[in-house]
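Letters A, B, ... are given to chains in the order of the sequence lines, protein chains preceding strands, and every chain is numbered from 1.
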Number of protein chains: 2
Amino acid sequence: MASNRLERFVAATDDECCPADVEERRRELSGFAATADERSRARDLDVLRTLADDTRYRIVRILEAAGEELCVCEFAPFLSVSESAVSHALGDLTTAGLLDRRKEGRWRYYGTTERATALLSALDATAEGAR
Amino acid sequence: MASNRLERFVAATDDECCPADVEERRRELSGFAATADERSRARDLDVLRTLADDTRYRIVRILEAAGEELCVCEFAPFLSVSESAVSHALGDLTTAGLLDRRKEGRWRYYGTTERATALLSALDATAEGAR
DNA sequence: CGAACACTTGCACAGACGTTCAATCAAGAT
DNA sequence: ATCTTGATTGAACGTCTGTGCAAGTGTTCG
C-alpha cells in the first residue's frame, strides 16, 4: 500500500514517533496538495500551455519588444509559418489572456497583457547568468 | 507577396510616407523579431512546456506550498498517477531547472528553484481578481 | 454591386507528449 | 550474500495538438 511508505518514512525520520505524528504529517501534506488543486489551476495550466509553443512565444516576445500594439501584418512575415497558423496562435493567446485585441478598419492590432509581461519578466529575471 | 501587405499598411498609416519609411519600419520590426530569437528562447520554451502539465504543475505547487524540500514518498500519494509517472515528471522538472534534487540514504528530496517560485508568483500576481 | 484585401475558422493529418508496465538501480535490512 | 525498499529508466501505446489547405467573414475601394 502506498501510504505505508510515508508511514515508514516518518517513523525513520522522526526520532520519537507515534502513530499520531504520522497522521498529523499526512494531514499537513494533504493541505499542500489541496493548494495545488485551487480553481486557478486550470487557468494557469491553460496560460502556460499556450505560451509553451514556439510560434506563440515568439509572437508575445515580438509584441513585448515593440512595447506597443502591432498590426498582424507587421509581425506575421517574421514568423515563418502560414497566415493561418499565425491567426490560430493569436486566437489561442487572446483566449488565454496573454494578448489584447483591437479592431480598426480592416486591420487587427494585438498587444501583450500584464500577465504576459509578468511571465516573460519572471523568465528573464531567473535566466542562467541573469544579472 | 507577403511584404506588400506591410508596405500598404505603412503607406495607409503614415500620412506622409516615402519608400524609405517602409524600409525603416521593416528594419525596426526585424529587430523585434530578432529579440524573440535569442538563445534563451529554447530554454524558456523548455521551462514553460515542462510546467504546462497537470502532474508537473501540481508537484511544483505542492513543494512551493510546503516551503521546504520534501521526500518523494511524501507527495507522490496525492498525485493520482503511477510512481513511474511521478518520477518521469520529477526528472523533467529537474532538467528544466524548476526543481532541485538531493539524495540521502534511499530517499530523494526535491525542492523548488528560484525560477519555479518566480513563475508561480507571476501567475498568482496576475490571476483574475488578483488582489 | 463586385473585387480586393486582412484576417479568421473548420478540417484533417503528421508529429509530439504523458501515461503505464516492466525491468533496473542504489541503498539499507536480514 | 540475499532480499526488500524507494525511486528511476526504457519501450509502447493512446491521446493531444500545431500546422497547412481551403473556405468564410467583414471591411474598403472602384
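Listed candidates were D:dT8, C:dA27, D:dT28. Nearest to the side chain of B:R106 is C:dA27. Picking from D:dA7, C:dT8, D:dT28 the nucleotide with the shortest atom distance to the side chain of B:V72 gives D:dA7. Set against D:dT8, D:dG6, C:dC7, the side chain of A:R5 has D:dG6 as its closest nucleotide.
Evaluation of the salt bridge (Lys or Arg N to Asp or Glu O under 4.0 Å) test over residues 105-121 of chain B, restricted to residues two or more places apart or in two chains, returns B:D44-B:R115. Legend: ring pair (Phe, Tyr, Trp, His ring centres under 6.0 Å) pairs involving residues 8-30 of chain B, not counting sequence neighbours, sorted by first then second residue: A:W107-B:F9.
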TODO: Using a 4.0 Å cut-off on protein heavy atoms (strictly under), produce a 5'-to-3' string for nucleotides 12-25 of chain D with B for base contact, S for backbone-only sugar-phosphate contact, and - for none.
DONE: -----SSSBB----

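For B:D54, the salt bridge (Lys or Arg N to Asp or Glu O under 4.0 Å) test picks out A:R41, B:R58, with sequence neighbours left out. With sequence neighbours left out, the side-chain hydrogen bond (donor to acceptor under 3.5 Å, both in side chains) criterion links B:E24 to no other residue. Remark: A:F78 pairs with no residue by the ring-ring contact (aromatic ring centres under 6.0 Å, His included) rule, at least two apart or across chains. Residues satisfying the side-chain hydrogen bond (donor to acceptor under 3.5 Å, both in side chains) criterion with B:R49, sequence neighbours excluded, are absent altogether.
Atom P of nucleotide D:dA7 and atom CD of B:E69 are separated by 13 Å, given to the nearest angstrom. Counting to the nearest Å, the C1' atom of D:dT4 and the CG atom of A:N4 are 14 Å from each other. We find that CG of A:L45 is positioned 15 Å from C1' of C:dC17, with the value rounded to whole Å. When the P atom of C:dA27 is taken as reference, atom CH2 of B:W107 falls 14 Å away, rounded to whole Å. Taking atom CG on B:L79 and atom C1' on C:dT20, their separation rounds to 15 Å, with Å as the unit. Following rounding to the nearest Å, A:Y109 (OH) and C:dC7 (P) show an atom-to-atom distance of 9 Å. For the pair B:F9 CZ and D:dT28 P, the interatomic distance rounds to 14 Å; values are reported in whole Å. In this structure, A:L90 places its CG atom 12 Å from C1' of C:dA6, rounding to the nearest Å.
Contact check of residues 97-105 of chain A against DNA chain D (heavy atom, cut-off under 4.0 Å) returns A:K103, A:G105.
Taking only side-chain nitrogens and oxygens, A:Y110 comes nearer than 4.0 Å to OP1 or OP2 of C:dT8. The phosphate of D:dG6 has OP1 or OP2 within less than 4.0 Å of a side-chain N or O from A:R8.
Between the side chain of B:T95 and the main chain of B:G91, a donor-acceptor pair closer than 3.5 Å is present.
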Enumerate, atom names and distances included, each donor-acceptor pair closer than 3.5 Å involving a side-chain atom of residues 64-73 of chain A, sequence neighbours excluded.
from  : atom 1 : to     : atom 2 : distance (Å)
A:E64 : OE1    : A:T112 : OG1    : 3.0
A:E64 : OE1    : A:T117 : OG1    : 3.2
A:E64 : OE2    : A:T117 : OG1    : 3.4
A:E69 : OE1    : A:R102 : NE     : 3.3
A:E69 : OE2    : A:R102 : NE     : 2.9
A:E69 : OE2    : A:R102 : NH2    : 2.5

Task: Intermediate values then yes/no, side chain to side chain contact (heavy atoms under 4.5 Å, CB included), A:L6 and B:E74 - done: CA-CA 6 Å; A:L6 174 58; B:E74 290 188 285; 3.9 Å; yes

